[in-house]
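For reference, the structure is listed below as structure tokens.
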Amino acid sequence: MARIGVLTCWCGENIARNVDVQSVAEQAAQLPGVRCSRVHKYMCSDPGQKLIRDTIAAERLDGVVIASCSPHMHLKTFRKAAEHASLNPYLVEMANIREHCSWVHPERSRATAKAVDLIRVAVAKVRHNRALEPIQVPVTRKVLVVGGGVAGIQAALDIADAGVPVVLVEREPSIGGKMAGLSETFPTLDCSQCILTPRMVEVAQHPNITLYTCSDVEQVEGYVGNFQVTIRKRARYIDIDKCTGCGQCWSVCPSKKTPSEFDYGLGARTAIYAPFPQAVPARPVIDRDACLRLTKGRCGVCVKKCQADAIRFEDQDELVREDIGAIIVATGYQLYEIGKPDDRGRIAGYGEYGYGRYPDVISSLQFERLVSASGPTGGEIRRPSDGTVPKTVVFLSCVGSRDNAKGLSYCSKICCMVNAKHTMLYKHKVHDGQAHVFYMDIRAGGKNYDEFVRRAIEQDGAHYHRGRVSKITQEDGRLIVRGVDTLAGEPLTIAADLVVLAAAMRPATGVEELAQKVNVSYDEFGFLCESHPKLRPVETNAAGVFVCGACQGPKDIPESVTQASAAAGKVLMMFSRDRLYREPEIAHVQESACAGCFSCRRGCPYHAIDPAEIRDRQGQLVRRVARVNPGLCMGCGTCVALCLSKSIDLEGFSEQQVYAMVESLR
Amino acid sequence: MSQVISKPAIRRLVERWLRQGKRVIAPVQVRPNLVSYQPVRSSDQFLLEGFVRPLNSIKQVVFPRHEQLFQYRVRGKQIDLLPAPLPDIERIVLAARPCDAVALPILDHVFNWEFRDAAYNRRRELTTVVTLACMEHDAHCFCTSVGSGPDDTRGTDALLFDLGDQTLEVRCVTDKGQSLFAGQTEASTRTAAAGPGPERRADLGRISEQLEQAFERSEWAAWTNRCLGCGACAYGCPACHCFDMVDEGGPTCGARVRNWDACQLGQFTLHASGHNPRSVQSQRQRQRIYHKFHVYPKKFGELLCTGCGNCTRNCPVSLGVLPVLEAMQAEEAK
Amino acid sequence: MTNAASPTPVGEFEPKIVAYVCNWCTYLGADLAGTNRLEYPANVRIIRLPCTGRIDFNLIVKAFEIGADAVLVSGCHPGDCHYTSGNYHARRRWILFRELLATLGIETERVHFAWISAAEGKKFQQVISEITSQTRDLGPYHAYREICEV
Amino acid sequence: MLQPLRETCRRLLQDGTVQVVIGYGQAVRAVEPYPVFITDPDDVGQLVWNEQCRTNLVKYLLRKEIRVLGKPAIVVKGCDERAIVVLEQESQIDRSQIVVIGVACDGMAEPRCEVCDAHQPRFADHTIGHATNVAQPAERRYAALCEFLEQPPSDRMAYWKAELERCVKCYACRQACPLCYCERCIVEKNRPTCLDTSATLKGNFAWHIVRAFHLASRCVGCDQCSRVCPEGIDLRLVNLSMARASEASFGHRSGTDPQAELVLGNYSQQDQEHFIR
């Protein structure tokens, strides 16, 4: 016979105002299986928890129902209290008589009746609860960081410095990400490369970091603590161990017309090239689509020039497997493609701004390159069309962002600051120039951020116009920007030499495919979903997978770095024990009843179900059945509903428990 | 002299029985190809001719397919057991076939063996069986092979014969039958006979001894492996009486119930351990034959089969008792 | 819903509504309704499950068997599933199951489906209020209770 | 038809391609041919083929009594073979270990035959005879259902009450269904009891809801369940309703495309949800 204790909380007046707690407790005492019923003013307080422990001990309870608030609030608290009284924590259930009852039903008698029902349901359930032990899984103490931008670099270094090996996978030939291409950073105007490149070198030299550039994550198998990751190292055509990075090869390369990715097309590069002077690894790569040898079989001057014999035209893609314990995704962002709709046709472009048609309409990342000392103009601000110094520059905020009509409803968060920075950098270089900014709102929340914007306006004289630009046309070599100043309440036309569009931040291409490989959900814009926006901001719902940086949502450098360190901290915490402990409320198969139709396997969001073979004593195959991998199962129970014979069940929400709950409402 | 009653008169009689609160069960045309014994709600609903035999049986009148043994109710800490009240409604089975009625005395043995089943016996007392002698038979009938026939009166309280021209001859067999028809019939000189009945389709004189030798025969599989393992044979059989007891309901109320069960269902002998002593269908089919033609006669001196042929009629793949016996005896003859 | 002094006048029909909800969205939406003190009729009894993906059609039948007058199944909006896709599986199931109910003559207006997120306390309040008043209008589900009488 | 059928079977048995032929044999007295399992090539003369061959033999591919006989060849109609397609999709059979002999069929005088669009088998290894598959518009295939659905819900409920009142839970519908292959049927599961085993109206409704929904988007419409019901309960309507919904909502007709994704256990983000608040 069950010995269940029901402990009902007053929650001060919160419950007691609308629920007759005393009456509830008396009625609960009469429920089948209930051994005792107690009340307390604040069950979650120390004395309340003591009451729980004492009652468990005194009445030798084998099940506990706490009737108080939401289990999301205090189930963990009460389960811990039970554990202290040597009762298995999974024998504790809650009845939510506050959020679901006293707070929403002011009519006292009805609230009281409902509270008893809610307890009835919880008692019915707890009678079928089983003592569960956390699932232990071994853990491989090695981390995969996907993406070598500032977030990935930070996370990798933090973890590696703690003595844990890191595998850093970067798609591009060099790490550094978007930050490596910036000129100065707000709000301090310190040099982006000066602060980043030493960290990049640190990565390259760190004994605990294995760096794969020109590489993609091909496949992720396994589960938390035990992932097997396949990495595709794309052919680089350079033996980076032999190469010294002397630069002779690219100085002689005859194929010189490929637009430079690093300069966002504002400059050109050779077919064999290092993406930028401070690239890490400081080794060139051959662009197979531009190389004359690889496309036409001719040429090979670089080979002749290379004294290290490091060029390998026969290089092939290579697959590398790594055993990994945790994964940090830091794939960053890309800019919204201003001129054209995206490939799914979902996000319409801004044809009216002439981006791509007029060479002097550029994006803010292109402007960064124009200002950068390492950029195509050596840091002089010159128009892409004719190389003249622009005397009037118009900056547009919110190109894509906050524009439902274009399919992006969110604020990209950094553009206001970027625009302010750009007006300043411009003014510092072109003293007689005039910067204009069209904006919707100025969002400058952050330490020293608003001061920074004020400086741009007040000291550097940028003209800020609150309003949007409807059209940009080209006349006599100048750009006619037609907009509206809504504060003045009149249309505004500016003849500009250069227009800079602060395009929205979007997640990097390919992130959705990666998310599917690691079972992380993403929102309608492709940003990865964290577990909880406030309390679990770098964890995901896939155990052992963490996120940081702009792949999770628009953010600036300090935020990305903070998140990266947070993710690193989470991983290190996870690795601080020899084994991982997972929630035991997962599915399991009753193999004797399983018919092996594998509909559970089809539906499992975590690929946690594998076929297993049942063989007789002679080793003959009798049947194939489904088997749950406890390391992968997250306990959603989708398999249970799909199983026709109910041969698979979910601990914690078992068929028996759920039916008992419904039946109790009869 | 014989006693006769017109069909309209019998329908009027049914009307009266219904008014008296009695339950009347008779053959009803449910679908174009389906006649079955159903509770009758009006006097024009049932058949008195034009069918060979219903696809179910009258055993349901005394041994219902679902029966509550007791209910339980939980009030606070108290659990109340409420025994099911004994049946008290009088039932009249009308126009049953002799092969149905014959089963009743056979069933009496098992329900009064070590344990006297009160509800069964009470229903038996409350039930009057009026049979209608067979004028026709079909390919599945084999009553004559089990020592019965189209006008067998065992289990019958009154036997009706169709005289044609909307008239039935009534031969009361028991006092119950007498009292049912007392004052309702007319004297007549006409008398009728049943149809010829099916030719003997199997020689079952020594069947029990034959089976004693046949248990280990390897051909059981070949004779029976088309069986799909459903309960259609048993549930349509007038004599099959296996049941299962289960508790149904929830934590606050429910009942212990007795439901029909069938030996061809895979779970019938499944042990809690997972072991099943009759793990394949041929073993289950063999069991069915043995129960009917060896075990039951040994214990109670009567075959557990009335030759009605419903097992084959209901079988999705035309199996049933007779085809198995025929196959077995054909093999013996070789 | 068997006990306690009923505040409503004798004879007035109080529908019994069983709600199967997802732990991560609708349950939290109901929590939020509570936190915001959004009042709604006390007729609904929530049964918390990890995900709509776990909610089997049998549970709807069971709810009617125990005398429910209406059933609500509620989970995460498309794309928001805590487990990435449980709600999509559930949605497919309900598309088909509704047809079966309709064919059997089971009143589909007594079976409700909703997406209610953790942030939609207001929507939870609205849905429960609507369902309760609709069910009040429909009256007790006698037809199914008759089936369940032995 | 019969001669080539027997010849094909004889050849398959003789050359050892298969060890058993699952086909139709003439019953001694019964009106319908019943299933036979022929292991000796000299016995192929027992095989028959006529317009009474209504049984869907596919069920026997699953029965262990028949599996022990060795690699089978099975005689199927165009409608029957769809069950083989589904069984393969659901990992119940290894198609390479089964030889399918399709026989062209002009109809078995059953309601479904009037709207059949699978007279000629499409997935068989050997096909006997020729028939023409005439495409049937969906309205025709579901006409019986549409007519039924014209009644108000209360009448539909009354209809099913009257029908299911008779169900004795003999499970012939389940046992004859080629797609019912669970090791342990859910109705036999206790702890907890999902549905009452009693043949009461309550238990019968629960059972037939489960049975129909477990076949949702899977049922191939072979109508064995209705054919074998000793109480004459016509289960076609519920099966049709599930088939119509899966065709209308997911473009899925069970067993007609071996490459098709199964409906349940998969999903599309575009699935309809007009009924969801």
Side-chain angles (χ1 to χ4, degrees), chain C residues 52-53 56-62 64-65 72-75 77-79 81 84-116 120 123-124 126-128 130-131 141-150, chain D residues 145 148-149 151-161 163-165 186 192-196 198 200-210 212-217 237-246 248-250 252 263-277:
Chain C
T52 40
D56 196 10
F57 71 96
N58 281 337
L59 294 177
I60 296 182
V61 180
K62 200 75 193 171
F64 285 130
E65 285 186 356
L72 167 67
V73 175
S74 181
H77 287 273
C81 177
T84 72
S85 56
N87 54 351
Y88 290 126
H89 288 286
R91 183 169 67 184
R92 272 218 160 167
R93 185 150 59 236
W94 308 134
I95 291 170
L96 294 172
F97 192 57
R98 276 167 43 87
E99 293 289 327
L100 181 58
L101 293 180
T103 306
L104 291 170
I106 294 170
E107 296 171 20
T108 45
E109 59 270 35
R110 294 181 187 269
V111 188
H112 305 269
F113 303 92
W115 302 140
I116 303 175
E120 293 176 321
K123 183 171 178 187
F124 182 82
Q126 278 168 357
V127 167
I128 299 301
E130 279 169 29
I131 290 176
Y141 198 7
H142 288 307
Y144 214 92
R145 283 184 207 161
E146 280 164 25
I147 288 174
C148 297
E149 277 166 14
V150 176
Chain D
L145 174 69
F148 179 72
L149 290 176
Q151 304 174 49
S154 54
D155 289 10
R156 287 176 233 155
M157 174 68 102
Y159 169 84
W160 288 111
K161 271 185 175 174
E163 290 295 293
L164 300 185
E165 182 74 59
I186 188 169
T193 310
C194 300
L195 54 150
D196 289 357
S198 297
T200 54
L201 204 47
K202 177 188 177 196
N204 290 350
F205 259 83
W207 162 245
H208 286 284
I209 290 173
V210 165
F213 200 70
H214 279 191
L215 284 158
S217 76
L237 290 169
V238 284
N239 295 338
L240 279 178
S241 83
M242 294 290 83
R244 187 177 70 154
S246 64
S249 298
F250 311 113
H252 185 84
V263 170
L264 292 178
N266 289 304
Y267 65 88
S268 156
Q269 297 188 351
Q270 274 69 53
D271 286 343
Q272 51 159 300
E273 56 172 31
H274 60 87
F275 59 92
I276 302 177
R277 285 164 198 260

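In the text below, chain A, chain B and the rest are named by the order of the sequence lines, each starting its count at 1. Remember, predicted model here, so these are calculated numbers, not experimental data.
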Side chain to side chain contact (heavy atoms under 4.5 Å, CB included) between C/L100 and D/M242, intermediate numbers included: CA-CA 6 Å; C/L100 181 58; D/M242 294 290 83; 3.5 Å; yes

Interchain contact, D/N204 with chain C, by part (heavy-atom threshold 4.5 Å): neither

Value rounded to 0.5 Å, distance of CD in C/E65 from NZ in D/K202: 5.0 Å

Option in D/L201, D/L237, D/L240 with maximal non-hydrogen atom pairs under 4.5 Å from chain C: D/L201

Chain C contact via D/L195 - which portion, at a heavy-atom distance below 4.5 Å: neither

D/Y159 versus chain C, the contacting section by heavy-atom distance below 4.5 Å: neither

Closest-packed option against chain D by number of heavy-atom pairs under 4.5 Å, given C/L101, C/N58, C/L104: C/L104

Nearest atoms (heavy-atom pairs only) where C/G105 meets D/R156: CA-CB, 3.8 Å

C/E107, part contacting chain D, at a heavy-atom distance under 4.5 Å: neither

Backbone N/O of C/I116 and side chain of D/R277: donor-acceptor pair under 3.5 Å: no

Winner by heavy-atom pair count (cut-off under 4.5 Å) against chain C, out of D/R244, D/K161, D/E165, D/H274: D/K161

Portion of D/S198 that has a non-hydrogen atom of chain C nearer than 4.5 angstrom: neither

Which atoms of D/S246 approach chain C - backbone, side chain, both or neither, heavy atom under 4.5 Å: both

Proximity breakdown for D/H208 and chain C, heavy-atom pairs closer than 4.5 Å: neither

C/R92 and D/N266: CA distance, side-chain angles, deciding distance, side chain to side chain contact (heavy atoms under 4.5 Å, CB included) verdict: CA-CA 8 Å; C/R92 272 218 160 167; D/N266 289 304; 4.0 Å; yes

Side chain to side chain contact (heavy atoms under 4.5 Å, CB included) between C/Y144 and D/M157, worked out: CA-CA 9 Å; C/Y144 214 92; D/M157 174 68 102; 4.2 Å; yes

Structural part of D/F148 lying under 4.5 Å from a heavy atom of chain C: side chain

Trace of the side chain to side chain contact (heavy atoms under 4.5 Å, CB included) decision for C/I147 with D/L164: CA-CA 10 Å; C/I147 288 174; D/L164 300 185; over 6 Å; no

CG-CZ distance between D/D271 and C/R93, expressed to the nearest 0.5 angstrom: 12.0 Å

C/Y88 portion near chain D, given a 4.5 angstrom heavy-atom threshold: both

Structural part of D/Q270 lying under 4.5 Å from a heavy atom of chain C: backbone

Top of D/W160, D/F205, D/F213 for chain C proximity - count of heavy-atom pairs under 4.5 angstrom: D/F213

Per-residue contact mode, C/E130 against chain D (heavy atom under 4.5 angstrom): side chain

Interatomic distance, C/I95 atom CD1 to D/F275 atom CZ [nearest 0.5 angstrom]: 5.0 Å

Interface residue of largest heavy-atom contact number with chain C, from D/L149, D/V210, D/I209, D/T200, under 4.5 Å: D/I209

Contact leader toward chain D among C/Q126, C/R91, C/H112, where contacts are heavy-atom pairs under 4.5 Å: C/R91

